[in-house]
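What follows is a set of notes on a single structure, which appears directly below.
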Amino acid sequence: MPDPESQPAIQHVSPVYLAGTAPSVHALRPLQEAGFRQEIDRAGNVRLTSPRGGHHVDYLPNGLTHALWCIYEAPDRYTPPSWLAEFTTGTPPEVVEALTTALAKDVHRARSQRRRPQADRVLRPLAEAGWHRRENEWEIEFIAPDQLAEVRYDTTPGHPLDPDYQPWLIHGGRTHDNGYMDWYGAFTTHAPTRLVTATVERLANTNPVDRAADAVLHPKATVTTTATRSTAPRAAAARSRTSAGCSSPGTPESPSPASAQTTGHPTPSRPRLRR
């Protein structure tokens, strides 16, 4: 007779940029624990605001744009942000978690950066992890050893004057084989360097992440499987604490597990292209 508490095996997947989507709880939890205020609109999008109101994180599984995550600094949600980070549908939540963890640790330091970042320092974790560097007169690019992810930084002079320009671009997955969706991330000119660095460090980290047995993974991901026992009560509790959410905010309503854990994803596209 089968064990009533048994459940499908958990997959341990690496590298993270090939692990695909998962519930948003891990990316949201650092912000919740840091005291960010949370609202869920009628569409099921989650919006969090820092205790002092200057930083915002929107998780938009049911948003009207290509962006699944929007993280930015602004006095309110209707004022153009000083800086913005965006991630499209398909982005592994662990990548976003690296950024939200860095933001939550010291949100008071995460202020718009007016000077040009030292790109080599930000990108050093990729070099140390064996990513391949390519450089020309306008761009530095690091490509993962498996050729399935890349991080680019635009070195063209003059762009630091444009706060909406996105000199930092991240691309993971590259292919759509087996139903897997590639994903993009981007940071605008004045994004704090330490937040970009935290994101890059997670991409360089080869530690595996957990996925459900039925998760859609990149066909070239490295996967190991272990059996596990039911964690349904804890999973239910986690869902009840979760929330999700760069479109205009809707009317807040009481959080619900279903909306907070929404994983329905429209076809992804690249964030705003460089001008």
Side-chain angles (χ1 to χ4, degrees), residues 15-22 24 26-28 30-31 55-61 63 65-73 81-104 110 113 117 119 122-123 125-126 129 131 139-144 146-154 159 163-176 180-205 209 218 221 244-247 263 265-275:
V16 65
Y17 52 80
L18 301 182
T21 59
S24 62
H26 297 298
L28 294 169
L31 305 169
H55 293 87
H56 309 272
V57 176
D58 295 347
Y59 172 58
L60 305 165
T65 72
H66 59 262
L68 179 64
W69 293 91
C70 292
I71 302 166
Y72 55 101
E73 177 191 344
S82 302
W83 59 265
L84 169 70
E86 292 180 288
F87 296 90
T88 64
T89 297
T91 302
E94 293 84 0
V95 175
V96 183
E97 179 188 8
L99 195 164
T100 58
T101 299
L103 180 63
Q113 176 172 294
V122 176
L123 297 168
L126 300 177
W131 288 45
E139 187 174 67
I140 298 173
E141 179 182 24
F142 273 85
I143 302 174
D146 58 13
Q147 307 289 307
L148 296 174
E150 60 186 341
V151 177
R152 297 181 179 182
Y153 177 65
D154 187 341
H159 288 308
D164 296 326
Y165 187 70
Q166 296 174 321
W168 296 102
L169 293 178
I170 302 170
H171 182 200
R174 282 183 177 260
T175 72
H176 294 261
Y180 183 89
M181 293 184 293
D182 61 345
W183 57 273
Y184 290 91
F187 293 82
T188 57
T189 298
H190 300 313
T193 298
R194 66 189 192 85
L195 300 185
V196 184
T197 302
T199 307
V200 167
E201 287 175 344
R202 187 61 188 91
L203 291 172
N205 190 326
V209 298
H218 193 283
C246 279
S247 50
T263 56
H265 300 300
T267 301
S269 61
R270 181 175 181 157
R272 275 195 311 277
L273 296 178
R274 294 170 173 158
R275 295 192 294 277

Could you point out which residue of Thr189, Asp154, Thr188 forms a side-chain hydrogen bond (donor to acceptor under 3.5 Å, both in side chains) with Tyr165?
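Of the listed residues Thr189, Asp154, Thr188, the side-chain hydrogen bond (donor to acceptor under 3.5 Å, both in side chains) partner of Tyr165 is Asp154.
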
Roughly how far apart are [X] [atom1] and [Y] [atom2], rounded to 0.5 Å?
X: Tyr72; Y: His55; atom1: OH; atom2: NE2; result: 11.5 Å
X: Trp183; Y: Thr21; atom1: CH2; atom2: OG1; result: 12.5 Å
X: Thr199; Y: Ile71; atom1: OG1; atom2: CD1; result: 7.5 Å
X: Glu141; Y: Leu169; atom1: CD; atom2: CG; result: 10.0 Å

message: I'd like to know if the side chain of His190 and the backbone of Ser82 have a donor-acceptor N/O pair within less than 3.5 Å.
response: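 Between the backbone of Ser82 and the side chain of His190 there is no qualifying donor-acceptor contact (under 3.5 Å).
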
Ignoring hydrogens and geometry, is there a side-chain-to-backbone donor-acceptor pair from Thr100 to Ala27 under 3.5 Å?
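Pair found, side chain donor or acceptor close to backbone of Ala27.
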
Among His171, Glu86, His66, the one residue meeting side chain to side chain contact (heavy atoms under 4.5 Å, CB included) with Tyr184: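 Testing Tyr184 for a side chain to side chain contact (heavy atoms under 4.5 Å, CB included) against His171, Glu86, His66 leaves exactly one candidate, His171.
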
The side chain to side chain contact (heavy atoms under 4.5 Å, CB included) partners of Ala102 (sequence neighbours excluded) come to Arg194, Leu195, Ala198

Sorted by chain and number, sequence neighbours left out, side chain to side chain contact (heavy atoms under 4.5 Å, CB included) with Asp146 holds for Pro15, Tyr17, Leu18, Ala144, Leu148

Where is the tightest heavy-atom contact between [X] and [Y], given as atom of each residue plus distance?
X: Pro30; Y: Thr101; answer: CG-OG1, 3.4 Å
X: Leu68; Y: Gly90; answer: CD2-N, 4.5 Å
X: Arg202; Y: Val16; answer: O-CG1, 3.6 Å
X: Phe87; Y: Gly185; answer: CD2-CA, 3.7 Å
X: Val122; Y: Val200; answer: O-CG1, 3.6 Å
X: Pro93; Y: Gly20; answer: CD-O, 4.0 Å

Next on the checklist: Less than 4.5 Å apart, side chain to side chain, heavy atoms only: is that true for Leu103 and Val57?
Outcome noted: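 Heavy-atom side-chain distance check passes, below 4.5 Å.
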
### Query
For Glu150, what residues pass the salt bridge (Lys or Arg N to Asp or Glu O under 4.0 Å) criterion, not counting sequence neighbours?
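Expected list: Arg152, Arg174.
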
The residue among Tyr153, Phe187, Trp83 that forms ring-ring contact (aromatic ring centres under 6.0 Å, His included) with Trp168 is Tyr153

